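Worksheet: one structure, shown below.
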Amino acid sequence: MRTAVVTGATGGIGSAVVAALVGRGHRVVALGRDADRLARLARDGVTPVAHDLRRGRAAPPEVLELERLDALVHCAGVAPVASVAGTTAETWDEVLGTNLVGPARLTAAALPALRAAQGAVVLVGMAPGLQDVPRWSAYAGSKAALRELAGSLRAEEPLLRVALVNPGGTATPLLARVRHELGRPYDPATALSPAAVAEAVADLLDSPAAGWRDVVDVLG
Ligand SMILES: NC(=O)c1ccc[n+]([C@@H]2O[C@H](COP(=O)([O-])OP(=O)(O)OC[C@H]3O[C@@H](n4cnc5c(N)ncnc54)[C@H](OP(=O)(O)O)[C@@H]3O)[C@@H](O)[C@H]2O)c1
């Protein structure tokens with residue numbers, strides 16, 4: 001049975017990825033912080049684990065003890081809205097810690113198991129085509145750096161498959177919050193469903209080597 005680790009498993013996209021991967025026969029170690037939502041993930045094939053990407057060890061024991069890891073899917077992320085002038089040092093720390101440094105440290109800790117399985121690393125980026133967005137520099141900067149992390153990892157680790165998956169606006173608490181703070185309308189009915197993003201991730205992980213794509217834009 002294939003094993004996957006999913007971060008942000010308590011969130012909109014991450015919880016859908018957990019469901020999709022379990023549906024396709026993976027055993028999933030599901031990482032998140034919120035205790036209630038973690039508890040709701042528990043079912044056959046899913047091991048929920050509390051792990052804060054910004055604090056403490058790079059990876060929890062449930063990840064470190066894996067001998068083989070077929071897929072590491074990074075879905076955790078935060079996206080506060082603030083101008084360059086108004087972004088505090090704490091906010092820079094939070095965004096870069098959650099969206100970039102935490103994923104980099106977790107990936108490094110999981111590398112022996114990923115190499116053993118010739119596994120895949122999927123990093124969820126930002127909506128395709130977004131550029132020069134006012135009041136979103138920390139988020140956009142962290143995701144630009146995540147793209148570079150993916151590129152370096154791909155170049156350094158020839159045994160692994162590494163992809164950046166870029167979903168368009170997806171109906172999750174994060175998008176609702178961002179649209180509210182940007183003063184823009186939010187209609188979940190016109191956004192992508194988390195399940196559609198999750199199917200794209202699961203399809204990629206199921207694809208043969210020749211079908212692998214380094215960048216996947218999910219636009220519905
Ligand atoms: N929604 C969109 O339109 C959209 C579009 C493009 C890209 N994305 C990206 O997709 C990813 C998932 O977003 P989403 O929309 O599903 O957001 P979401 O529903 O708000 O979920 C965010 C997840 O990140 C986790 N998280 C936040 N800080 C963390 C920390 N310090 N340590 C560990 N986990 C932490 C949360 O865990 P807890 O709740 O347990 O703290 C939660 O599981 C993000 O990287 C986001 O940038 C989203």
Side-chain angles (χ1 to χ4, degrees), residues 5-20 28-41 46 48-60 63 72-81 90-107 122-131 133 136 138-147 149-150 163-182 184-198 200-201 215-220:
V5 170
V6 178
T7 76
T10 47
I13 291 175
S15 57
V17 168
V18 171
V28 178
V29 179
L31 307 185
R33 293 181 304 179
D34 185 274
D36 290 342
R37 277 181 277 134
L38 271 176
R40 286 202 289 274
L41 286 171
V46 181
V49 175
H51 179 67
D52 189 327
L53 285 162
R54 294 180 59 216
R55 297 177 213 291
R57 286 174 297 197
V63 173
L72 171 57
V73 186
H74 292 282
C75 300
V78 290
V81 171
E90 289 73 22
T91 298
W92 279 108
D93 278 352
E94 182 197 3
V95 177
L96 292 174
T98 308
N99 296 3
L100 177 68
V101 180
R105 292 177 70 222
L106 178 62
T107 303
V122 174
L123 302 117
V124 178
M126 68 187 293
L130 280 186
Q131 221 180 345
V133 183
W136 230 19
Y139 179 71
S142 71
K143 293 295 185 176
L146 194 69
R147 186 188 62 226
L149 174 69
L164 191 69
V165 170
N166 299 313
T170 307
T172 70
L174 181 146
L175 186 66
R177 214 163 35 241
V178 167
R179 291 274 172 87
H180 174 74
E181 290 176 25
L182 289 173
R184 290 176 48 200
Y186 170 67
D187 176 4
T190 60
L192 280 171
S193 72
V197 179
V201 170
V215 179
V216 176
D217 293 343
V218 187
L219 295 167

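The analysis underlying the following values was restricted to heavy atoms, covering all of them including side chains, and did not include hydrogens, waters or symmetry mates. In each ligand, atom 1 is the first atom listed, and ligand 1 is the first ligand listed. What you are looking at is a predicted structure, and each value in this text was computed from that prediction instead of being measured.
For ligand 1, the polar-atom distance check finds no N/O of Val78 at less than 3.5 Å from any of the ligand's N/O atoms. Note: an N/O pair closer than 3.5 Å links Gly12 and ligand 1 by distance alone. Not one N or O of Met126 is nearer than 3.5 Å to an N or O of ligand 1, by distance alone. For a threshold of 3.5 Å applied to N or O pairs, the pair formed by Gly14 and ligand 1 contains no separation below that value. Any N or O atom pair closer than 3.5 Å counts here, and Gly11 shares at least one such pair with ligand 1. Residue Pro167 has no nitrogen or oxygen atom sitting less than 3.5 Å from a nitrogen or oxygen atom of ligand 1, judged on distance alone.
Legend: residues meeting side-chain contact (heavy atoms from CB on, under 4.5 Å) with His74, ordered by chain and number and at least two apart, are Thr7, Leu72, Pro103, Leu106, Thr107, Val121, Leu123.
Summarising the geometry, atom CZ belonging to Arg179 is positioned 8.5 Å from atom CG belonging to Leu182; distances are rounded to the nearest 0.5 Å. Within the model, atoms CD of Glu181 and OH of Tyr186 stand 14.0 Å from one another, a figure rounded to the nearest 0.5 Å. In this structure, CG in Asp34 is found 3.5 Å from CZ in Arg37, a value given to the nearest 0.5 Å. Considering CZ of Arg33 and NE2 of His51, their distance stands at 11.0 Å, rounded to 0.5 Å.
Residue-level proximity to ligand 1 for His74 is absent, since no heavy atom of it falls below 4.0 angstrom. Contacts between Leu174 and ligand 1, counted as non-hydrogen atom pairs separated by less than 4.0 Å, involve both the backbone and the side chain. The backbone and the side chain of Ala76 each have at least one atom closer than 4.0 Å to an atom of ligand 1 (non-hydrogen atoms only). With a 4.0 Å heavy-atom cut-off, ligand 1 is reached by the side chain of Arg37 but not by its N, CA, C or O. With a 4.0 Å cut-off on non-hydrogen atoms, Thr98 touches ligand 1 through its side chain and not its backbone.
Atoms of ligand 1 found under 4.0 Å from any heavy atom of Arg54, numbered from 1 in the order shown, are 31 (N). In the vicinity of His51, heavy-atom distances shorter than 4.0 Å reach the ligand 1 atoms 32 (N), 33 (C). Counting the atoms of ligand 1 from 1 in the order shown, those under 4.0 Å from a heavy atom of Arg177 are 20 (O).
Ranking the protein heavy atoms by distance from atom 2 (C) of ligand 1 puts Thr170 N, 3.5 Å first. Protein heavy atom nearest atom 47 (O) of ligand 1, with residue, atom name and distance: Tyr139 OH, 2.6 Å.
By the 4.0 Å heavy-atom criterion, Ala127 is counted among the residues contacting ligand 1. Note on ligand 1: Gly168 sits in its first shell, one or more heavy atoms being nearer than 4.0 Å. Contact annotation: Arg55 has no heavy atom less than 4.0 Å from any atom of ligand 1. Residue contact check for ligand 1: Ala191 places no non-hydrogen atom closer than 4.0 Å to it.
Atom 31 (N) of ligand 1 has its nearest heavy-atom neighbour, among Asp34, Thr7, Asp52, Leu130, in Asp52.
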Listing, residues 163-178 side-chain donor-acceptor contacts under 3.5 Å, not counting sequence neighbours, or none:
from   : atom 1 : to     : atom 2 : distance (Å)
Asn166 : ND2    : Asp217 : OD1    : 3.2
Thr170 : OG1    : Gly168 : O      : 2.7
Thr172 : OG1    : Leu174 : N      : 3.2
Thr172 : OG1    : Leu175 : N      : 3.4

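Between Pro185 and Asp187 there is no side-chain heavy-atom pair separated by less than 4.5 Å. Counting heavy atoms from C-beta on, the side chains of Thr10 and Ser15 never come closer than 4.5 Å.
Just one residue in the list Val197, Val18, Val201, Val218 forms a side-chain contact (heavy atoms from CB on, under 4.5 Å) with Ile13, and that residue is Val197.
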